[in-house]
Chemist: 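Handing you this structure, nothing more for now.
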Amino acid sequence: MKSIITFFTALLIGSTLLAQKNTDLPKTSKTLAIESNIGTIEASIDLTKIVDDKAPVTIIPERFKQDTVIYRMPKVIPGTYAISDFGNFIDDFKAYDKKGREMDFTKKDENSWMIPNATKLRKITYLVNDTFDVENTKGIATPFSPSGTNIEGNNCLLNLHGFIGYFEGFQNNQYQLEIVSESKFNRASALQQVGEEFSKDSLTAIRNYYAARYFDITDNPIMYGDFETEEFQVGDIKVVLSVYSPNKIYKTKDFTETIYKMMEAQKEYLGDINSTARYDVFLYLSEMNETSPSGFGALEHHTSTVVVMPESMPIEALESSMIDIVSHEFFHIVTPLTIHSEDVHYFDYYEPTFSKHLWLYEGITEYFATHFQIHQGLVSEKEFYTKIMSKIQNASIYDDTMSFTEMSENVIASPYQENYANVYEKGALIGMCLDIMLREESDGQRGILSLMKELSLKYGKNLPFEDDKLFDEIVEMTYPSLREFFDNHVIGNTPIDYEYYFEIVGLEFSEGLVETNYIMNNGALILEPNANGTITFTDMVLENSFWKEQGALPGDVIAVINGTPVSMESAEQIFTEVYMWEPGPEVEVKLLRGDEDIIIKTELTQSYTKGNGLQPVKDASAVKLEIRDSWLKG
Ligand SMILES: [Zn+2]
C-alpha cells in the first residue's frame with residue numbers, strides 16, 4: 001500500500017511521537033487450522049436492492065459436518081498494516097435452516113458470529129454498510145480508503161472482503177460469487193467473470209465470478225457504476241484503467257498516456273521478472289465531502305490496484321502523484337506478492353502475525369518506485385536527488401532509533417503504528433543504502449533489483465521464506481558488509497549516516513535552499529491549531545519562501561483558502577489539498593492579522609526553505625563516478 005500523509009496525520013504523528021511510551025506487547029501465537037475441503041461457498045451481492053447505502057448479501061455454504069461454525073469478516077487484510085474490522089459494517093445478520101427458519105447465533109466479537117447446530121445451517125444473510133460514508137465521522141475507526149467500500153446509486157467500489165467473509169477453517173474453499181446490478185452499469189473486475197445473464201426486460205444483469213479461495217476474494221476488487229474504462233497494451237500486459245470521477249472532472253483518457261509511459265518504463269526496469277497478463281487500475285476520485293473517502297493512496301493486489309485521490313487536484317499534481325503511487329503498487333509484484341514470508345503467505349485475517357520485513361515489502365518497493373524514474377530517464381538526476389533528500393527530511397519526523405524489524409512485527413500497536421509510515425521514507429532509504437553497497441562490492445555488477453531477482457527465483461508466489469532466516473540468507477548470497485548494515489540499522493536502532501553512503505557514489509550534502517511544500521519546511525509544519533479553533537502561521541512561515549514573498553507573518557490567522565472558510569472541521573480537507581499544491585494555478589487566501597484582512601491572490605510558485613541538498617562532489621574519483629553511474633543507470 002501507499003498512504004499519502006495528510007496535514008492532520010502529520011500533526012498527530014508529531015504529538016503522539018512526543019508522548020510515546022514503550023509498551024510491552026503480548027506476542028500473539030496462532031495455529032492455522034485450514035481444512036482441505038472442496039465444497040463451494042456461494043455468495044451473492046444484490047446492487048439493485050441498495051437502501052441507505054447498504055447492500056444485501058447472501059451466503060450459502062456447503063453442508064457442515066461439525067456442530068458449531070464461526071463466520072468471520074476480516075479484522076486485517078493483506079497489504080494494510082492496521083486493523084480494519086470489516087465486521088463493524090455488517091447489519092441485520094441472520095442465519096437460516098433449510099426450512100427458512102431463523103437460527104440462533106452468538107456475536108462473539110466485532111468480526112465473528114458463532115452458529116451452533118451448524119449441520120442445520122443453510123444460509124446467512126446480512127446488510128453491508130459502506131465504509132466511505134463514515135470515514136469522516138469522529139470516533140469510528142475505518143479501513144484505509146483504498147481497501148474500503150462504496151455503496152451508492154452510481155458507484156459501487158467492491159473491495160469484496162468488505163462484503164464477504166469466511167467460515168473459520170474453510171478459508172481454502174472456493175467461492176462462487178453472483179453480483180446482481182442494473183444492466184446499464186459499467187463494470188471492471190480483477191476477478192474472473194464466468195457467466196452472465198439478463199432479466200427478461202433486460203434491465204437487470206446477473207454476473208458470476210469465481211474465486212479459488214478466500215484470499216482471491218480479498219485480492220480482486222470490482223467496480224460497478226457510472227465510470228469509464230480504457231484498455232491498452234503495455235508489452236504483453238493488458239492494462240485496464242477505470243476512473244470514477246463523480247463530477248466528471250476527469251476522463252480515463254486524461255491518464256492513459258501517463259500510465260502507459262510509466263508502466264512501459266517499469267517493465268523495462270524489471271526485465272524478466274514474471275508478470276501478469278492483465279493489470280487493473282481502479283482510480284476513485286473523492287469529492288472530499290462528508291461521505292467521501294479521505295485516506296489518499298493505494299493498495300496493491302497481484303493483478304490490480306485501487307487508488308483513491310482527491311478529485312479537486314489539478315491534472316499535473318494528480319499525474320505526478322499517480323506516477324509515484326501506481327508505480328509503487330505495480331512494483332509490489334516483486335515484494336510482497338512474489339517474495340514474502342510465511343506470515344504473508346498463510347495470512348490470518350482474524351489474528352494476523354506480522355513479518356519482520358516491512359523494509360523489504362514497503363521500503364524496497366518504494367525505493368524501486370523512486371529509482372526506476374531516474375534509471376529510465378523519467379526524471380533528471382537533480383530531481384532524483386531532491387526526491388531522496390525529501391525522504392531523508394520526511395523520515396526525520398519519525399523515531400529514527402526504532403528498530404525496523406521490531407516495528408514491523410508489532411505494527412498494529414502503539415508506538416509502532418505511529419511510525420509505520422516511515423516505511424515509505426526510511427524504508428526506501430534502507431533500499432538505497434543496500435543498492436549502493438551492493439554496487440560497490442560487486443563493481444557495479446549487482447544491485448538491490450538483481451538481488452530481488454535472485455530471491456524471486458529461489459522463492460516465488462507459492463513458496464514463502466522463513467521470516468527469521470531471511471537476513472542470514474541474503475548475507476550468504478551477498479557480502480558480510482550487509483550483515484553489519486542489517487544488524488545496526490534494520491534490526492538494531494542505530495540511525496543511518498547517509499553521508500557515508502553518498503560518499504561512495506561521489507555525492508555530498510550542500511547547505512542551501514531546498515524545495516518544500518506550502519504547509520511545511522522540510523517536513524516541519526509551519527502552521528498550528530489554536531485553542532480558539534483558528535489555525536495560524538508559526539515563526540517558521542518566514543522561512544518558507546512562497547509565504548514570505550506574499551508577506552505572511554507569524555500569528556496570521558488562515559481564514560479562507562480558495563473560497564472555503566478554514567475551521568477545525570474543514571482543516572483536514574483543506575490542508576490536504578494545500579499539501580498537494582504544485583506551482584502553476586492561481587490561489588486566493590484570506591489571512592486575518594488583528595482587525596486587518598489580508599488577501600493574497602497569486603499564481604503558485606515553487607516554495608523553498610533552508611536545508612540540505614545533495615550534489616555531486618567536484619573531482620570525485622573515477623571509481624566513485626563508475627559506481628554512481630552503475631547506481632543511476634546500470
Ligand atoms: Zn506499498
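Worth knowing before you read on, the calculation uses all heavy atoms, side chains too, and leaves out hydrogens, waters and symmetry mates. As the structure is a computational prediction, the values presented were derived from the model and not from experiment. The first residue in the sequence is number 1, and the count goes up from there.
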Chemist: Using a 3.5 Å distance criterion without hydrogens, assess whether the side chain of Asn422 forms a donor-acceptor pair with backbone atoms of Tyr398.
Modeler: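 Not at all, since once roles are kept as given, no pair shorter than 3.5 Å links the two residues.
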Chemist: Could you give the distance from OG (Ser481) to CZ (Arg483), rounded to the nearest 0.5 Å?
Modeler: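 Between atom OG of Ser481 and atom CZ of Arg483 there are 11.5 Å.
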Chemist: From Lys453 NZ over to Asp272 CG, what is the distance, rounded to the nearest 0.5 angstrom?
Modeler: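 Spacing of NZ (Lys453) from CG (Asp272) equals 4.5 Å.
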Chemist: I would like to know whether Tyr349 and Thr218 meet side-chain contact (heavy atoms from CB on, under 4.5 Å); could you show each step before the answer?
Modeler: CA-CA 10 Å; Tyr349 306 91; Thr218 70; 3.7 Å; yes
Chemist: Decide whether Asp467 and Ser341 meet the rule of one side-chain donor and one side-chain acceptor closer than 3.5 Å.
Modeler: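 Note: Asp467 and Ser341 side chains meet the donor-acceptor criterion.
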Chemist: CG/Leu160 to OG/Ser189 distance, rounded to the nearest 0.5 angstrom?
Modeler: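 Interatomic distance, Leu160 CG to Ser189 OG, rounded to 0.5 Å: 7.5 Å.
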Chemist: Do side-chain atoms of Thr252 reach the backbone of Ser242 as a donor and acceptor pair under 3.5 angstrom?
Modeler: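 Not at all, since once roles are kept as given, no pair shorter than 3.5 Å links the two residues.
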Chemist: First locate atom CG of Asp343, then atom CG of Asp348, and finally report the distance between them rounded to the nearest 0.5 Å.
Modeler: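 The CG atom of Asp343 sits 10.5 Å away from the CG atom of Asp348.
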Chemist: Between Thr494 and Asn488, is there a side-chain donor-acceptor contact under 3.5 Å, judged purely by atom types and distance?
Modeler: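 Note: Asn488 and Thr494 side chains miss the donor-acceptor criterion.
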Chemist: Are the side chain of Asp85 and the backbone of Gly87 linked by a donor-acceptor contact shorter than 3.5 Å?
Modeler: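 No, the answer is negative, given that no donor and acceptor are paired below the 3.5 Å cut-off.
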Chemist: Looking at Ser396, is its backbone amide N or carbonyl O close enough to the side chain of Asp400 to form a donor-acceptor pair, meaning the two atoms are under 3.5 Å apart?
Modeler: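 Absent.
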Chemist: Side chains of Tyr416 and Glu406: is there a donor and an acceptor less than 3.5 Å apart?
Modeler: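 Glu406 and Tyr416 do have a side-chain donor-acceptor pair below 3.5 Å.
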Chemist: Distance alone, cut at 3.5 Å: any donor-acceptor contact between the side chains of Ser327 and Gln266?
Modeler: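 Distance-only check fails for Ser327 and Gln266.
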Chemist: So which atom in Met223 and which in Leu157 form the shortest heavy-atom distance, rounded to 0.1 Å?
Modeler: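 Scanning both residues completely, I find the closest heavy atoms to be CE-CD1, 4.2 Å.
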Chemist: For a side-chain hydrogen bond (donor to acceptor under 3.5 Å, both in side chains) check, start with the C-alpha distance between Thr365 and Glu362, then their side-chain angles and the critical distance, and finish with the verdict.
Modeler: CA-CA 5 Å; Thr365 301; Glu362 293 298 339; 5.5 Å; no
Chemist: Knowing that exactly one of Phe368, Tyr367, Tyr361 qualifies, which makes a ring pair (Phe, Tyr, Trp, His ring centres under 6.0 Å) with Phe331?
Modeler: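 Per the ring pair (Phe, Tyr, Trp, His ring centres under 6.0 Å) rule, the option paired with Phe331 is Phe368, out of Phe368, Tyr367, Tyr361.
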Chemist: Parallel under 30°, tilted from 30 to 60°, perpendicular over 60°: which one fits the rings of Tyr459 and Phe465?
Modeler: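 Taking Phe465 first and then Tyr459, their aromatic rings stand perpendicular (interplane angle over 60°).
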Chemist: Does Arg439 use its side chain to pair, donor to acceptor, with the backbone of Ser630 at less than 3.5 Å?
Modeler: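 Yes, the answer is positive, given that a donor and an acceptor are paired below the 3.5 Å cut-off.
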Chemist: With a 6.0 Å cut-off on ring centres, are Phe485 and Tyr501 close enough?
Modeler: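 Centroid separation for Phe485 and Tyr501: below 6.0 Å.
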Chemist: How are the rings of Phe354 and Phe347 set to each other: parallel, tilted or perpendicular (split at 30° and 60°)?
Modeler: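 The rings of Phe354 and Phe347 stand perpendicular, inter-plane angle above 60°.
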Chemist: Does Phe215 have its ring centroid less than 6.0 Å away from the ring centroid of His345?
Modeler: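 No; His345 has its ring centre 6.0 Å or more from that of Phe215.
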Chemist: Is the backbone of Trp631 close enough, under 3.5 Å, to the side chain of His371 for a donor and an acceptor to pair up by distance?
Modeler: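 Flag set: sc His371 to bb Trp631 pair under 3.5 Å.
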Chemist: Working note: Val76 + Glu351, criterion side-chain contact (heavy atoms from CB on, under 4.5 Å); need CA distance, chi angles, decisive distance, verdict.
Modeler: CA-CA 8 Å; Val76 177; Glu351 276 190 316; over 6 Å; no
Chemist: How about Gln176 and Tyr210: does a side-chain donor come under 3.5 Å of a side-chain acceptor?
Modeler: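 There is no such pair (donor and acceptor under 3.5 Å, judged by atom type) between the side chains of Gln176 and Tyr210.
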Chemist: Is the closest side-chain donor-acceptor distance between Gln373 and Asp324 under 3.5 Å?
Modeler: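 Yes, because at least one side-chain N or O of Gln373 sits under 3.5 Å from a partner of the opposite role on Asp324.
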Chemist: Under 3.5 Å, side chain of Thr335 to main-chain N/O of Leu360, donor-acceptor pair present?
Modeler: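 Judged by distance alone, yes, a pair lies under 3.5 Å.
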Chemist: Looking at CG of Asn172 and OH of Tyr166, how far apart are the two atoms once the value is rounded to the nearest 0.5 Å?
Modeler: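 Separation between the atoms: 12.0 Å.
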Chemist: Mind checking whether Thr149 and Phe163 have side chains closer than 4.5 Å, heavy atoms only?
Modeler: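 In short, these two side chains touch, coming nearer than 4.5 Å.
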Chemist: When Arg446 is tested against each of Glu440, Glu441, Glu454 for salt bridge (charged side-chain N to carboxylate O under 4.0 Å, His left out), which residue passes?
Modeler: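 For Arg446, the salt bridge (charged side-chain N to carboxylate O under 4.0 Å, His left out) test succeeds with only one of Glu440, Glu441, Glu454, which is Glu454.
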Chemist: Classify the ring geometry of Tyr420 against Tyr424: parallel below 30°, tilted from 30° to 60°, perpendicular beyond 60°.
Modeler: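 Plane angle over 60°, so perpendicular.
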Chemist: For Thr80 and Ser147, does a side-chain donor sit closer than 3.5 Å to a side-chain acceptor?
Modeler: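 Side chains of Thr80 and Ser147: no pair found under 3.5 Å.
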Chemist: Judged by atom type as modelled, is there a donor-acceptor pair below 3.5 Å linking the side chain of Asn111 to the main-chain atoms of Arg72?
Modeler: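 Judged by distance alone, no pair lies under 3.5 Å.
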Chemist: Run the numbers on Tyr214 and Asn173 for side-chain contact (heavy atoms from CB on, under 4.5 Å), then give the verdict.
Modeler: CA-CA 7 Å; Tyr214 189 67; Asn173 283 45; over 6 Å; no
Chemist: Any sub-3.5 Å donor-acceptor pair from Ser304's side-chain atoms to Glu300's backbone N or O?
Modeler: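 Not confirmed, Ser304 side chain does not pair with Glu300 backbone.
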Chemist: Backbone N or O of Ser390 within a donor-acceptor pair of the Asn394 side chain at under 3.5 Å?
Modeler: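 Checking the backbone N and O of Ser390 against the side chain of Asn394, a donor-acceptor pair under 3.5 Å is found.
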Chemist: Report yes if the distance between the aromatic ring centroids of Tyr279 and Phe330 is under 6.0 Å, otherwise no.
Modeler: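 Ring-ring flag for Tyr279/Phe330: true, centres closer than 6.0 Å.
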Chemist: So, taking the atom named CD1 in Ile627 and the one named CD1 in Ile436, what distance separates them when rounded to the nearest 0.5 Å?
Modeler: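 Rounded to the nearest 0.5 Å, the CD1-CD1 separation comes out at 9.5 Å.
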Chemist: When you compare the side chains of Glu409 and Thr405, does any donor N or O come within less than 3.5 Å of an acceptor on the partner?
Modeler: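 No.
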Chemist: Could you verify whether a donor N or O on one side chain and an acceptor N or O on the other, from Glu329 and His301, lie under 3.5 Å apart?
Modeler: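 Glu329 vs His301: no donor-acceptor pair found between side chains.
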